[in-house]
Amino acid sequence: MNAGHFLVDDEVYLTHKIPAVLIELAIRQGVDIAALLRGSGVFLEDIQNVEHRISSRRWQRLLNNAVKHDRSHELLLRFGRQLPYITHGALLQALLNASGTRNLLEILRDYSHLYYPHVYFHLASNNNFHFLLLNNAVSHDNSYLHHQTLMSSVIALFKACDIPNTGITFFLNMDSPVDSAALQTYLGCHIYYNAPVSAMLITDNANHQSLVRHCKTAKQQALFECEKIVTDRNLQKGFLESIHHYLIQRVTREDISLSSCAEHFQISPATFKRRLKCHQSSFQNELDNTRKLLALSMLLIGDMSSEATARKLRISDNANFRRSFKRWTGMLPSAAKDQLLNF
Amino acid sequence: MKSHLSLHFGKIGALLFALSLIGAANIGLGKPKNFQEVSWIDILGEGSTLGLMLMFLSFVLISRPRGRVTNLLVYGLIGFCAANFQDMLDEIIRLPTALLFDDIIESMLAPLAVMTLGYGFFQWNQEQVSINKNLQCRERFYREHSALDYVTDLYTALYMKQQIDRELVLYQSDLQPLSILVIDIENFGDFNRRYGLEDGDRLLAQTAKIITLNLRASDLACRYAGDRFVVLFPATHLIDAQVYSAEIVNALKNFAFKPSNAVRSEFVDCNMSLIDHRFGNDAESLLRSANNRLELEKRKSHESKAA
């Protein structure tokens, strides 16, 4: 594992936790065990072994196999519902004792690497909405599978905290499936397909009121324990997540180049490029992705104009920004505001 | 599901005995033909026919339980295989002309075998008619086993969409109305967490049975996804469908489910929404409307409980 982040081939998943639950669910749904485990490097005996770990790449393979052989199309959504209950007890305690919807989402964002290492969250809020964007911490391979799982998981958390899940719009960065029954049942009817990002737009009708079960002391204690777990086990964020954090801190203040980014990660530009390619990405892709997230947050949640957003992102003129935005999202800024907010 | 092969060792024995007897008789009584006299094309044709018959036979033995229909099909196929085997051996072994052995096997056994097989297919047809009656309320005019849900044995959402589209065509041509009911089980997630996934699946399967028990022969129930079911009431106005829906919900409310490790039974609460053909132009939009209304109903129910 490299200092500060883990790579796609680093073994970060404890086999007896997240993978074991997926395997059990898949077998229960009639998926053939041999087909499920093929190429994943996991044997059935490994599920009992508390020391055994697999890499993100192998976890992805397991997920791909499960989805390929799942006839019901709801395996990942069911798995997502189980995710809060197999995560670290301290993290679940912190989430269940969150003071409000925003606080719950903040905890999820801050400890995403503890919750589900493959995905991290970007959160933007105003008085009425929370915009939770889902990003890939390690690689972009079949990212929609992870995003669906996490969305189902967030719904399960909301239910556990008595937060109503009726004012949520889901943006999925995938084509509308032939059979959308499972997505409609698990997520709801407000699903926007072919969206520029995977995200949830959550209406906060409670106007940031405290949740019924909120206990400040329990939450603080739980967060302290989460920090201890992260430190003791040296849990790190994914490679792409680390790059995103670097970029998001600087993209509004300075011009960033591949060399400066590589220097920050203490590797040569050539190695950096190679490593990005290994994670199915490129520097330009990550830079565009960061700008896209910031632009969407500013336009939809910050209610900023196209011109103000362009200035914030250090794009020289509005026409350039509009062109870039169209390249990132497939729509113009005004159309994005109109279609995504009013869906 | 385990195969039924272990129920048919006797029949497999009969097949092996028949083929061995024919092989031994040919080798014992006949002489091999010269290489130039052998017609390889005939051997290929008869050999592949034999191979196919053996393959059909193995499918029957693996998939069917014991019974009269199975016996007819299997013995008919064994007879046909025996005749075919003799026909194939005839190409490479010359039997004495005076011996009627090969004529008996080829020319007399084969028609008998085909007649047995024919009668077996007739009985199999009768069996299917009876099975089709049992599948009422789970199937309409079209069978596709790959679209079956493994937990409830109902068809899935895709099948329901096809049936709704079919009914919409009838509505457009003959103004024949249709109604759609969507039901889901309240707090099914909590149930799963308390009693486990196995009991959760059992609850779904039994809920499906109760729903189908309370339907008319023309209605269709499918599992939509998760804990959600869809019922199609063809040729039914909304007012009548409301009565049928209330009966289904009532039946579910009075259903005492017994989890494996629980002392007391659990009673099922459900949410429902009912729409008719006016709520959309196609199956997708109708189901979306029904699901939307279900979400609204659930929200109202949640708010009233919170109040």
Side-chain angles (χ1 to χ4, degrees), chain A residues 21-22 24-32 69-86 92 148 152-153 155-160 162-169 176-191 193 203 205-206 209 211-212, chain B residues 1 144-152 154-162 182-190 192-194 196-198 200-202 204 222-230 273 283-285 287-303 305-306:
Chain A
V21 171
L22 178 74
E24 189 187 320
L25 273 175
I27 292 171
R28 209 169 267 291
Q29 301 230 166
V31 174
D32 173 52
H69 298 283
D70 170 37
R71 289 197 325 199
S72 67
H73 308 293
E74 58 179 82
L75 174 61
L76 290 188
L77 296 163
R78 264 185 107 170
F79 171 62
R81 276 200 181 166
Q82 295 288 104
L83 212 46
Y85 303 98
I86 56 173
L92 180 61
Q148 277 182 37
S152 179
S153 167
I155 296 297
L157 276 170
F158 278 13
K159 273 190 184 161
D162 285 330
I163 299 172
N165 61 339
T166 43
I168 304 177
T169 305
S176 173
V178 172
D179 184 4
S180 59
L183 284 167
Q184 275 186 19
T185 303
Y186 282 80
L187 301 184
C189 295
H190 298 283
I191 303 176
Y193 295 102
T203 313
N205 289 324
Q209 283 174 12
L211 296 176
V212 170
Chain B
M1 197 178 132
E144 178 49 68
H145 68 277
S146 63
L148 277 172
D149 171 58
Y150 76 102
V151 170
T152 59
L154 299 179
Y155 278 110
T156 56
L158 268 177
Y159 185 87
M160 175 56 85
K161 283 176 191 170
Q162 286 165 2
V182 178
I183 305 177
D184 83 351
I185 300 171
E186 195 152 313
N187 295 323
F188 182 64
D190 288 341
N192 264 336
R193 267 189 296 287
R194 248 183 302 145
L197 295 172
E198 209 168 307
D201 284 351
R202 228 166 34 90
L204 288 174
C222 290
R223 183 182 177 196
Y224 191 62
D227 58 341
R228 199 167 285 189
F229 297 87
V230 179
S273 81
E284 188 70 45
S285 55
L287 286 169
R288 202 177 320 121
S289 302
N291 281 308
N292 262 330
R293 285 168 72 97
L294 185 71
E295 298 293 329
L296 278 168
E297 285 297 321
K298 284 168 79 163
R299 183 162 58 172
K300 276 184 208 164
S301 161
H302 183 86
E303 280 166 2
K305 278 179 189 164

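A note on names: the letters A, B, ... follow the listed sequences, proteins ahead of strands, and every chain is numbered from 1. Computed over heavy atoms, backbone and side chain alike; hydrogens, waters and symmetry mates excluded.
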Heavy-atom proximity to chain B below 4.5 Å, by part of L183(A): neither

Can you tell me how far the [atom1] atom of [X] sits from the [atom2] atom of [Y], to the nearest 0.5 Å?
{"X": "D190(B)", "Y": "K159(A)", "atom1": "CG", "atom2": "NZ", "answer": "8.5 Å"}
{"X": "R71(A)", "Y": "D149(B)", "atom1": "CZ", "atom2": "CG", "answer": "9.0 Å"}
{"X": "L197(B)", "Y": "R28(A)", "atom1": "CG", "atom2": "CZ", "answer": "5.0 Å"}

Option that, when pairs with chain B are counted at under 4.5 Å, heavy atom only, ranks first among S180(A), A160(A), A181(A): A181(A)

Top contributor to chain B contacts, counting heavy-atom pairs under 4.5 Å, from Q82(A), Q29(A), R81(A): Q29(A)

Max heavy-atom pair count under 4.5 Å with chain A, selected residue of E284(B), R193(B), E295(B), K298(B): R193(B)

Sidechain N-carboxylate O distance under 4.0 Å for R78(A), D201(B): yes

Salt-bridge contact E74(A)-R228(B) (side-chain N to carboxylate O under 4.0 Å): no

Closest contact, heavy atoms only, Q184(A) versus N291(B): OE1-ND2, 2.8 Å

Structural part of Y150(B) lying under 4.5 Å from a heavy atom of chain A: side chain

Side chain to side chain, K161(B) and D179(A), heavy atoms closer than 4.5 Å: yes

